[in-house]
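Below you'll find the structure, written out as structure tokens, and then a few comments.
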Amino acid sequence: MSSKKYILEMFPYPSGNIHMGHVRNYVIGDICARYHKLKGDEVIHPMGWDAFGLPAENAAIQFKTHPQDWTLSNIENMKKQLKKLYLDLDWDREIATCNKDYYRFQQELFIDLYNAGLAYKKDSLVNWDPVDQTVLANEQVIDGKGWRTGAIVEKKNLSQWFFKITNYAEELLVDLDKLKLWPDKVKTMQKNWIGKSSGAEIKFIIHGSEEYLNIFTTRPDTIYGATFIAVSINHPIVSKYLDETKIKKIKEEFNLIEDDKNKMGFKLNISCKHPILEKELPIYVANFVLDNYGEGAIFGCPAHDERDFEFAKKYSLPIIKVIECDDESLPYSGDGQLINSPILNGLNKDNAIRKIISFFEKNGIGKEKINYKIRDWGVSRQRYWGCPIPVIYYEDGSYRVLEKSELPVFLPYNVNLNSQGNALINLDSWRNIKCTKTNKNAYRETDTLDTFVDSSWYYIRFLNNKLDKPFNAEDVNNLLPVDKYIGGIEHAILHLLYSRFFMKALRDIYNLKVDEPFKQLFTQGMITHKTYKTLNNEWVMPKEVVSKKGKLYKQGTSEEIFEGPCEKMSKSKKNVVEPDEILENYGVDATRIFMISDSPPDRELEWTDEGIQSSKNLIHRIEKYFSKEKSEISEETTKQVEKFIFDIEQNIMNFSLNKCVANIYTLFNYLEKNKIYLSNSDLSKKILICLYPIVPSLSSSLNKKLFDSLDINNWPVIDKNLLIEESIILPIQIQGKLVTTINAKKGYNEEDILHYVYKLDKIKKKISDKQIIKVINVQDKIINIITK
RNA sequence: GCGCCAGUGGCGGAAUGGUAGACGCGCUGGUCUUAGGAACCAGUGGGCAACCGUGGGGGUUCGAGUCCCUCCUGGCGCACCA
């Protein structure tokens, strides 16, 4: 029975050349796809290009090429490289996200999201790179600096487009449980990212005013221990009570603190009423309060929170114990009996939380609250090379999201890329338009969409890449989810979370039946390689290193070299190997074999010359084997081949591809050791089919040679009966320790066999002076004799 | 600090609670030779041996690399998340 199998590898960014990481990724996927095709499944195995993004703009400046020309020529080159790998891809499904036939439909989806209330615009604090004059995504800020320029990133308030991923926070969290075939690691990371926590939101009225602060806490039970309030510097209240220069000064002082765990605060001239007790709580602006979590404000309970404790010590604030514990153990944040808390005294933590929340709700002080750490997804980017956001602005500052009939908004080709920042801003001919609806002067949104938007739905577009609308609902329902999604773990949160959100959002907008885009996720490991450095800490390419008298030197020089650890291949460390070169020297089959040989696909693979060479030797060995004259074929041979088929199949299905290689060695070791040559027998045909997913080039050339056929299909059906061994080697243990093994027939009689076992010298020696108190016979597996 | 994962020969790694080290690399000895990044044969956890061996210690079990507790080490992720 044939079934649908959608097998997908994460599509590459067309940077110019594929690297070994791609090779490993795509070989793993290809083995899977080819196997399923041989099984008769209806396989979807597409490939495309994540083609928008900043590197194209950098290249434009550096090499004076247009991002589009640069990208398209990279795609052409990389496609050639992929073809050399014998990847069985559906090239007729190919897409490139920079192609207007892709991004125009993305603009439609943007409109859909907007109309569904899932896209909105708001002012927000963003990471601003002052050198590149652009917003950076959170992941592009490393230690507070722009990843490309090294400039210290500023927080800037900008009006930005957002997708309302928070609407789906709960579902994104809960549905992780449905993803049985995802690595736990990725699920845990997503869970932490969503960051659900439950507690209460409490109103703190500002003394002498109608205003109040909302504060989220997971520990409302400690409310009687509250002795101060702290807010983030970006909290709205701050700008109300402090002038701009003062705020700026405070910010600077916060930035000056070397150890960012050091607490610092400035007392405001206002205070809050304690919501229950008749007392005032001072309000501080504090550096340790996050502005992007909860309400950006906390109540400090120094006795039972480490951070509040530290802060209170520094500013001599009172510390009131409300949970029974030793004074030495403060701050104590564990469970315990409530004290000094009139209505909560004697209760434990959980009961106190429940009681105080209902008290708050009754008195209008606060309410139960679930808080999520995840924030809405900011999708605006001040960049040229991306999908234009289909929005126009009027002179009065109001805006209108375009209608689908007004699409597409083409990304213009003729732009000046020499200036910093977004080239679209200066392109008046594109930017200034007349609104077709109002006939008013208007100008286009010049921000483009985050490229993670492009990759959030490409797996859907693959299904109907030429369709005149984003997708076909029936196909989506029938062909999604992707059955096996293979790629690097570095996308554990962003891409995979965004895609899950997109799928759910589109499901709700279009009434689709798919909840999750990727049924199984497989994360392949990185490829590592040895690193070498000179005394001056300059990296040296491994192939330039020569060994002389136990020391290492740089080729052709007397400069000594030192071996460093094995690290992820990277250009800066000079430890990359180029796929083109490897394919040239070792051939496609050896390359593919090595990609799966030395370690399980989800772990690191260390690149070694010995490894790739032995893969090549294996290919030669198989070729040579099949060139020998046919010999007698025994029933045992048939059995061994059946076992081979069975093992390979199991191992492909479980992604245990390193074991497939072991299966191949085991089979040929057996055949050669016993001088059994199969030539053009039926068994050979079966073996070649099993080899085909892994080494398609070798398999088809042998198939042509031996059978004069180009036909490779129908994964062999195995006779399970042949796999059952009649005679077995039975281990005999005494006290659970192996003493000897004997040959036995399956289904032996326990009494008879023990009769025989007791007579064995090795056994006799050990039991003669002892009393047998028990014999454990695990039929056909093991016998364990217990003595006293 | 919190969370997750992992520790098995010289190395990469195999082992539904049932013969630990499959398979490969490397290494040792040998064969052949058009002297090679070849091919083939034999060996390869430790120990002369009895035996001992899966990071350390404890436990469950007839039996533990595998399950439980605890500690140590390494990696990854998050990191003042109130």
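In what follows, chains are A, B, ... by sequence order, proteins preceding strands, each numbered from 1. This structure is a prediction, so every number in the text was calculated from the model and none was measured.
- Ring geometry, A:Y625 versus A:F668: the interplanar angle exceeds 60°, so the pair is classed perpendicular (tilted spans 30 to 60°).
- Taking a pair to require two hydrogen-bonding distances under 3.5 Å in either a Watson-Crick or a G-U wobble arrangement, B:rG12 pairs with B:rC23.
- With a 6.0 Å radius and a threshold of 12 heavy atoms from other residues, nucleotides or ligands, A:Y756 has its OH atom at or below the threshold.
- For A:K737, whose side chain is taken as the heavy atoms from C-beta onward, the closest listed nucleotide among B:rA38, B:rA82, B:rC52 is B:rC52.
- Within 6.0 Å of the CD1 atom in A:I773, the count of heavy atoms belonging to other residues, nucleotides or ligands exceeds 12.
- No side-chain donor-acceptor contact under 3.5 Å links A:N192 and A:Q190.
- Pairing for B:rA38 is absent, judged as Watson-Crick or G-U wobble with the two contacts each under 3.5 Å.
- Within the shown strands, B:rU73 is the pairing partner of B:rA6 under the Watson-Crick or G-U definition, both distances less than 3.5 Å.
- Using a 4.0 Å heavy-atom distance criterion, A:I298 is classed as a base contact.
- In the model, A:E170 has a side-chain atom that pairs as donor or acceptor with a side-chain atom of A:Y372 under 3.5 Å.
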### Task
Starting at the 5' end of nucleotides 13-23 of chain B, put B wherever the base has a protein heavy atom under 4.0 Å, S where only the sugar-phosphate does, and a dash everywhere else.
SSSB-BB--BS
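- A:R603 and A:Q524 form no side-chain donor-acceptor contact under 3.5 Å, judged by distance and modelled atom types alone.
- Distances from the side chain of A:M189 to the nucleotides B:rC80, B:rA39, B:rG77 place B:rG77 closest.
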